[in-house]
Amino acid sequence: MNFDDQLLHNETQHLSEAEWEPYEACPRIDKDVLDNQQLDDDVRKLQQEGNSNDASGLLETFQPEAHINLHYVRVYYCGPQPGSNKTTRVSERPQLMQWRGEHFKCRVGFSFEASMPKSNWTVGLAQACDYIDLKNTFERGGSYCWEFQPLKTGLHSMVNDSNGTQWPFYSHKSSMIDLRSGSRIRPGFHELRFSDYFYPTMHWQAESEGFQYHLTNVIRRQGFKVWFIVIKRGPSNPMDGYITRYLQYRPSTDEPYVIKAMEWRYNIELNFDCLQPLGSRCTAIFDKQEEQPRVLNSIDPIPTSALVPPNCNACQSLIFYPTNRNHPLVLKKTPEDIVVPWNEWRSSMTSGRGYDRLLGFEQPQPLPNMYKCYPGDPKIPLRLLNLKHRPREPAPDPDFGVRTSVINRFQ
């Protein structure tokens with residue numbers, strides 16, 4: 001994206017420290033508390049109506065195409081608060097700053113018909129990152145970059161974005177439903193949903209070889225794919241290797257069926273002048289999103305890496321790239337999970353960069369968790385589901401300020 005061609009948003013509309021306080025009172029957000037507001041009255045009414053239509057007599061064997069009705073798929077950005085035109089908020093403190101972007105939201109409404117599964121199934125929303133360019137520049141000193149080694153090296157084409165508890169689904173609280181073999185499925189309406197946004201914190205200064213450099217620029221460009229999928233678990237889905245009570249996706253035994261695919265791409269750039277007083281250091285914010293979240297008309301095969309570990313948070317590393325190649329390349333944050341041995345990871349992230357000195361790349365103790373690498377990132381056999389479409393308007397979003405909305409109502 002060419003930021004020079006964008007409208008300049010929020011050029012002088014950063015929040016002062018006093019204005020930020022009401023928002024800072026909220027707890028730290030992770031994937032399992034994002035979008036945890038109560039469903040509004042309309043959604044609860046739909047659930048009650050569906051649950052009151054209980055089934056009796058013999059139950060058919062559960063099959064997704066026969067026993068799931070799709071009502072709507074909705075993806076959109078949730079914009080500013082009432083009375084405000086800010087889509088990005090910046091908090092400036094003496095030692096550090098934090099910016100928060102607008103929310104991406106995904107909501108899928110569907111209903112089950114009475115049935116009985118003879119295998120374990122999971123219905124849910126999975127997200128994976130297929131592109132990232134995240135760079136914080138400090139004057140002439142250099143840049144800190146957050147990177148995913150499987151993506152940067154081309155080993156994998158995507159990185160799963162679950163919370164690391166139940167691959168591949170985004171969250172176990174709001175974006176998945178397990179259907180256990182032999183358990184009765186009652187007819188009823190359900191809505192799966194999740195919310196994602198960025199809220200990074202960074203220091204005003206970075207040091208390189210004894211010199212201090214001020215923060216001048218932040219760039220984040222990131223792309224995601226989202227799938228509404230149903231996974232039929234294999235005859236034996238062991239939990240060995242995972243400290244969790246949730247079933248995990250295993251390419252060799254499980255069968256994923258894709259219902260819908262979505263995508264969203266977020267781009268933002270912020271400029272800073274640290275010679276200005278606190279509250280005025282953010283001099284420009286370019287946050288106009290040229291591409292809006294959308295429901296895809298066609299579904300491409302899914303690479304294996306999109307549904308298996310590691311996840312984004314666990315495999316990310318933070319590296320400082322000094323402008324002066326005589327200064328050392330610095331590994332500031334070691335990844336928690338890797339897909340190749342450490343020596344290979346280090347070589348792939350440092351070779352050919354033009355730096356003779358390395359700092360922080362020694363083999364860590366303990367070693368990061370080692371997960372399977374999928375050379376060539378084979379595509380998962382594409383099994384598409386053509387569900388019965390029963391149009392129904394989604395309930396109003398309880399959040400404020402929906403700026404852009406893309407809805408597929410199947411009308």
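Model, not experiment: these values are computed from the prediction.
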Between [X] and [Y] (side chain of the first, backbone of the second, donor and acceptor by atom type, cut-off under 3.5 Å), is there such a pair?
X: Asp377; Y: Ser305; answer: yes
X: Asp254; Y: Gly234; answer: yes
X: Tyr355; Y: Pro322; answer: yes
X: Asn311; Y: Ser162; answer: yes
X: Glu269; Y: Asn217; answer: no
X: Gln63; Y: Pro117; answer: no
X: Arg294; Y: Glu263; answer: no
X: Ser115; Y: Glu113; answer: yes

For [X] and [Y], does a side-chain donor sit closer than 3.5 Å to a side-chain acceptor?
X: Thr88; Y: Asp287; answer: yes
X: Ser351; Y: Ser347; answer: yes
X: Ser119; Y: Arg233; answer: no
X: Ser208; Y: His327; answer: yes
X: Thr122; Y: Asp178; answer: yes

ask   = Sequence neighbours excluded, which residues qualify as side chain to side chain donor-acceptor pair (under 3.5 Å) partners of Glu147?
value = Lys152, Tyr321
Considering only distance and modelled atom types, tabulate donor-acceptor pairs under 3.5 Å from the side chains of residues 135-145, sequence neighbours left out.
| unit_1 | atom_1 | unit_2 | atom_2 | d |
| --- | --- | --- | --- | --- |
| Thr137 | OG1 | Ser143 | OG | 3.1 |
| Glu139 | OE1 | His214 | N | 2.8 |

Using the side chain to side chain contact (heavy atoms under 4.5 Å, CB included) definition, which of the options [options] pairs with [X]?
X: Asn267; options: Arg221, Lys288, Arg220, Gln222; answer: Arg221
X: Phe148; options: Cys129, Ser317, Pro310; answer: Cys129
X: Cys106; options: Gln127, Met262, Arg74; answer: Met262

query = Given Val75 and Val226, is the side-chain contact (heavy atoms from CB on, under 4.5 Å) satisfied, shown in steps?
reply = CA-CA 10 Å; Val75 289; Val226 182; over 6 Å; no
remark   = Residue set satisfying ring pair (Phe, Tyr, Trp, His ring centres under 6.0 Å) with Trp227, at least two apart, ordered chain then number -> none
ask   = Quick one: ring pair (Phe, Tyr, Trp, His ring centres under 6.0 Å) partners of Phe62, sequence neighbours excluded?
value = Trp121
Side chains of [X] and [Y]: does their closest heavy-atom pair fall under 4.5 Å?
X: Ile229; Y: Tyr257; answer: no
X: Ile268; Y: Phe198; answer: no
X: Ser174; Y: Glu191; answer: no

Would you name the heavy atoms of [X] and [Y] that are closest together and state the gap between them?
X: Arg93; Y: Leu278; answer: O-CD2, 3.4 Å
X: Pro251; Y: Tyr374; answer: CG-OH, 3.7 Å
X: Arg193; Y: Leu125; answer: N-CD1, 3.9 Å
X: Val308; Y: Asn160; answer: O-CB, 3.5 Å
X: Phe189; Y: Ser111; answer: CA-CB, 4.0 Å
X: Ala128; Y: Ala306; answer: CB-CB, 3.7 Å

message = So, using side-chain contact (heavy atoms from CB on, under 4.5 Å) as the criterion, who are the partners of Asp130 when residues are at least two apart?
response = Met158, Lys225, Arg265
request  = For side-chain contact (heavy atoms from CB on, under 4.5 Å), just list the numbers for Glu209 and Arg357, CA-CA rounded to whole Å, side-chain angles, deciding distance to a tenth of an Å, and then say yes or no.
outcome  = CA-CA 12 Å; Glu209 291 292 89; Arg357 299 164 57 197; 3.2 Å; yes
task = Please state whether the rings of Tyr213 and Phe211 are parallel, tilted or perpendicular, taking 30° and 60° as the class boundaries.
result =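 Aromatic pair Tyr213/Phe211 classed tilted.
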Measure the [atom1]-[atom2] distance between [X] and [Y] for me, rounded to the nearest 0.5 Å.
X: Met202; Y: Met97; atom1: CE; atom2: CE; value: 5.0 Å
X: Leu385; Y: Leu70; atom1: CG; atom2: CG; value: 10.5 Å
X: Gln149; Y: Ile319; atom1: CD; atom2: CD1; value: 9.5 Å
X: Ser195; Y: Glu102; atom1: OG; atom2: CD; value: 11.0 Å

ask   = Run the side-chain contact (heavy atoms from CB on, under 4.5 Å) check on Tyr266 and Tyr197 step by step: do they pass?
value = CA-CA 9 Å; Tyr266 197 78; Tyr197 74 100; over 6 Å; no
Quiz: residues 332-345 side-chain donor-acceptor pairs under 3.5 angstrom, not counting sequence neighbours:
| unit_1 | atom_1 | unit_2 | atom_2 | d |
| --- | --- | --- | --- | --- |
| Asp337 | OD1 | Asn369 | ND2 | 2.8 |
| Trp342 | NE1 | Phe361 | O | 3.2 |
| Asn343 | OD1 | Arg346 | NH2 | 2.9 |

ask   = Between Asp161 and Tyr170, does a side-chain contact (heavy atoms from CB on, under 4.5 Å) hold up when you go through it step by step?
value = CA-CA 6 Å; Asp161 194 26; Tyr170 188 87; 3.9 Å; yes
Pair Phe224 + Trp264: ring centers closer than 6.0 Å =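 Between Phe224 and Trp264, the centre distance is under 6.0 Å.
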